[in-house]
Amino acid sequence: MRYLLFLSLAFAINLSQAQRITKPECIFMLSSENWKLRQENSHEIFKAKVPGCVQSDLMANKQIGNLILDTNEQQFKWVEDKNWVYSCEFESPKNWFKSEVINLVFEGIDTYSEIYLNNKLVCSTNNMFLKYELEIKSLLKVGKNTLTVKIKSPIATALPLLKSTKYRLPAGNDRNEFQTSVFTRKAPFQYGWDWGPRIVTMGIWKPVYIELKNFSQIKDISVITDSITSDYAIISISPEYTIPFKNDYFLELKLEDFYQQIPLNQSKDLLPIKVKIKNPKLWYPNGYGTQPIYNLEITLKSKSEILDKKNINFGIRTIKLIQEEDSIGSSFYFNVNGIPIFIKGANYIPQDNFLSSVDTSRYIRLIQLAKDANMNMLRVWGGGIYESDLFYNLCDKAGILVWQDFMFACSLYPGDSLFLESVKKEAEQNVKRLRNHPSLALWCGNNEMNELWYNWGYQKAYGYSTSDSIEIWNNYLNVFHEIIPNVLKSYDLKRPYIPSSPLFGWGNTKSMKYGDSHYWGVWWGKEPFEMYATKVPRFSSEYGFQSLPQMSTIQAMSSNSIESVNNFAIQNHQKHSEGFQIIKQYIEREFTYSDSLNELIYLSQLTQKLGIGMAIKAHRLARNNCMGTIYWQLNDCWPSISWSSTDYYGNPKLLWYETKNLFTTFMVSSAFENNKIEIAVVSDSIHQIKPTLELKFYNFDGTIIYTTSEEIKLLPLQSFIKSAPILDSILQNNDLSKVFIETKLVLDGRTLSSELKFLKPSKELRLPEAKIEAKAWQSNNLIILDIASKTLTKDIMLEINSNGYWSENGFTMKAGEKKRIVFTNYEQMNENAIVNIMHLSDKGVKNTELNVTKP
Ligand code: BMA
């Protein structure tokens with residue numbers, strides 16, 4: 001239905017008869033028609049949903065079990081090996097035929113299909129990332145029409161390609177005997193990943209509709225900010241259109257108070273039209289300013305007759321990726337409107353294995369979570385999909401820059417002409433679709449393919465001959481150094497492009513000096529979290545640590561109750577072969593390990609928060625040398641044990657609450673090393689401020705051993721370290737397992753940033769027996785929780801058997817402190833809502849269950 005919003009116009013005329021259709025609508029959705037599905041060569045017919053996929057239709061028709069439960073993904077894997085047939089009937093009224101052009105539009109087909117209209121083949125498809133616009137006027141009948149889409153097994157279709165390739169192409173995440181994924185232009189993660197199931201979907205995954213059009217059309221428009229001065233901005237508008245060879249056509253441009261008519265004489269593209277906008281309202285990333293959106297309206301006319309009309313939203317801003325040689329190696333940072341931006345964000349993966357099931361509210365919720373965590377960038381990672389228009393619109397509004405990978409990840413791909421032709425079309429279509437979004441910051445060719453080639457040992461392991469190696473690498477160069485850059489040269493020249501992320505693999509010392517880096521020494525390399533402080537790259541585009549999601553999400557993994565981590569269903573939702581052991585190893589370094597499921601959720605989330613927090617602090621402190629921190633990964637595609645900071649149902653883990661604190665414009669943090677305290681202060685503001693830096697040294701019983709405060713000068717875009725020498729003697733005279741330090745940055749009575757620092761690992765602290773009092777009650781879709789702590793209570797985690805988020809979570813309370821915390825529910829409140837309060841106490845993890853009082 002959302003397409004109906006775009007209509008407005010299009011009075012179709014028949015060129016020969018010059019007869020006009022009076023009905024202004026030109027798009028007729030076929031998604032709502034009665035679609036049917038059957039397996040090829042079977043007569044059993046099921047009701048189907050379009051957009052959707054075979055697997056979700058079979059689930060809805062109870063032909064297969066719910067694929068996100070237990071090990072069902074394995075049991076029902078056979079679906080991917082079969083061919084399937086979708087069909088629907090629709091009526092086409094007589095007046096449609098007065099239109100000059102009638103298109104059948106598939107916004108996305110997953111993936112290999114044959115499309116038949118009234119039993120005539122219209123088109124074969126082979127790329128999930130392409131939109132297909134099919135001219136069908138000659139095949140369409142007045143009255144009843146039958147549309148049939150035969151979807152072929154992606155595995156069986158690609159198998160001959162694999163078999164005829166003389167060498168094996170690596171696809172380490174493809175969980176199948178024959179790794180066909182690289183031969184098919186389809187979302188790589190569906191074949192299995194180290195955080196997701198193998199569900200190789202098939203179907204019509206995006207809207208399908210009939211579109212009535214005039215021959216004369218505005219095909220596309222690009223709007224670019226050329227330059228900005230203090231008084232005006234120059235905007236370059238390039239329309240692409242088709243008209244017959246006549247002289248009386250013109251374009252009408254409206255943008256704020258700018259209006260222009262431009263005569264067109266040929267069916268050729270115009271040179272860019274330059275528009276000067278006085279006192280432009282500039283678009284800034286989140287945290288640096290507002291996000292004003294301008295609207296450009298272009299109308300194609302002949303005399304006074306409107307033939308086509310398009311509206312484009314855009315923002316005025318310049319963006320550059322600065323990669324310049326310097327004393328360390330070479331820089332990697334984004335400059336927006338002349339400001340060097342420190343990037344704070346996360347890697348984004350598709351929100352669901354059933355892509356069409358992600359509705360508007362889930363998109364809104366997730367982008368809001370990113371904004372609320374003070375992020376200014378998401379990386380749309382190359383193993384997923386080019387996201388929906390809605391995703392980028394929301395990022396435009398929220399000021400979330402988008403680092404956009406092309407969809408190639410952790411594999412090597414073929415280089416035959418059909419494949420390359422398909423890749424080229426995919427790049428052209430998606431570049432043109434996305435280029436007007438002010439949020440779009442960077443195009444990146446692929447994820448970790450360059451690193452794979454040089455560091456992952458495949459050349460030897462797969463026994464490539466010299467000529468194989470040359471051929472494979474040439475295929476790589478062809479796509480990422482020729483085809484994609486050439487597409488960008490034609491359609492999006494101004495936006496930065498890098499061929500691969502990262503520039504160097506983390507085993508190479510150059511990865512800390514040049515370009516962007518995926519530092520996986522922590523987790524994959526099992527190095528301690530402390531390494532984050534020394535391994536600070538120029539721009540950290542990936543690093544991460546796993547944790548378990550909340551209990552209700554874990555229970556959603558199985559049809560039976562999950563009591564322990566040894567349960568087969570939870571084991572199947574941990575896709576990293578050593579995942580649980582690695583989590584355990586890191587927990588043990590800081591806490592006392594427990595394998596009670598409840599405690600493991602808590603301890604793993606605390607450990608993840610601790611580790612990633614240490615990385616963020618180190619990256620921000622190194623501002624100017626390091627200019628970005630994007631952790632792995634923002635979200636999940638199913639209930640999972642993964643590196644995510646928010647789970648499949650949108651529930652933030654403790655890491656999300658931590659990033660919310662650490663991604664603020666100003667940050668204060670203290671470090672304790674070699675018996676010395678150092679305080680780091682960071683500003684991402686373009687303004688100078690003079691805040692007060694407060695420091696308090698506490699005993700666990702609440703007494704303040706030492707306190708100091710001073711006004712400091714914080715220059716714009718600055719980070720520095722202050723040592724606190726006076727503390728040295730105090731440190732020597734106190735039991736470090738019973739004290740902590742509080743640092744605060746305060747401006748005009750407002751706390752800009754604060755931190756509590758303990759001087760020993762949690763397991764070595766001599767915590768008091770915690771005494772907290774809490775009560776919780778429901779008010780509409782909120783839960784209000786009042787909590788008071790008589791003693792120091794360290795690392796409180798609030799968990800609830802509902803989906804939503806807390807105003808605060810993962811905090812420590814000082815003796816005598818009181819708080820009111822609010823939980824916002826995404827949906828209906830659970831009838832029997834119970835709040836689980838977990839924290840550390842003298843004897844380890846303590847757990848209190850609290851009933852929520854009904855209104
Ligand atoms: C990164 C990603 C993913 C992967 C993650 C965790 O390198 O690019 O391929 O899921 O590591 O292993």
Side-chain angles (χ1 to χ4, degrees), residues 170-175 179 181-182 187-198 345-351 353 377-385 403-413 442 444-458 498-508 511 515-527 532 535 537 539-547 573-583 586 604 608 611-612 615 629-638 640-648 653 655:
N173 290 293
D174 185 337
R175 280 197 288 273
Q179 297 175 322
S181 55
V182 297
F189 83 106
Q190 300 179 330
Y191 292 81
W193 217 266
D194 56 4
W195 35 257
R198 179 185 176 92
N347 283 271
Y348 169 91
I349 63 163
Q351 291 177 60
N353 289 89
M377 181 177 271
L378 292 178
R379 170 172 175 236
V380 178
W381 165 79
I385 55 168
W403 166 318
Q404 179 69 47
D405 284 0
F406 286 87
M407 293 304 130
F408 301 87
C410 304
S411 309
L412 289 170
Y413 294 81
L442 173 76
C444 167
N446 67 69
N447 177 69
E448 295 182 352
M449 286 175 63
N450 189 75
E451 173 176 350
L452 172 153
W453 182 250
Y454 289 108
N455 298 347
W456 294 5
Y458 278 113
I498 56 170
S500 188
S501 175
L503 186 57
F504 294 107
W506 62 269
N508 185 336
S511 68
D516 72 315
S517 155
H518 296 185
Y519 177 62
W520 283 102
V522 170
W523 182 268
W524 282 97
K526 298 174 190 152
E527 293 169 2
Y532 281 133
K535 297 276 189 174
F539 188 105
S540 190
S541 43
E542 270 190 25
Y543 58 97
F545 190 84
Q546 284 197 352
S547 70
H573 288 66
Q574 163 61 280
K575 295 297 188 186
H576 188 283
S577 57
E578 288 179 88
F580 284 121
Q581 288 94 298
I582 300 178
I583 293 174
Y586 279 81
S604 68
Q608 181 190 35
I612 304 309
T629 183
I630 305 183
Y631 65 81
W632 183 267
Q633 66 202 66
L634 177 71
N635 58 318
D636 276 331
C637 65
W638 77 328
S640 170
I641 290 96
S642 82
W643 298 263
S644 70
S645 61
T646 61
D647 74 21
Y648 178 58
K653 296 177 175 176
L655 171 59

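Numbering of ligands and ligand atoms starts at 1, following listing order. Only heavy atoms go into these numbers, but all of them, side chains included; no hydrogens, no water, no symmetry mates.
Between His576 and Trp524, the distance from one ring center to the other falls under 6.0 angstrom. Checked against the 6.0 Å centroid threshold, Trp638 and His573 count as a close aromatic pair. Aromatic rings from Trp381 and Trp403 are positioned such that their centres are separated by 6.0 Å or more.
For ligand 1, the protein residues placed under 4.0 Å by at least one non-hydrogen atom are Trp193, Asp194, Trp195, Trp381, Cys410, Asn447, Glu448, Trp520, Trp524, Glu542, Trp632, Trp643.
Put simply, the side chain of Asp636 never gets that close to the backbone of Asp647: no donor and acceptor are under 3.5 Å apart. Distance alone, capped at 3.5 Å, places no donor-acceptor pair between the Arg175 side chain and the Gly192 backbone.
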Derivation and outcome, salt bridge (Lys or Arg N to Asp or Glu O under 4.0 Å), residues Arg379 and Glu542: CA-CA 10 Å; Arg379 170 172 175 236; Glu542 270 190 25; 2.8 Å; yes
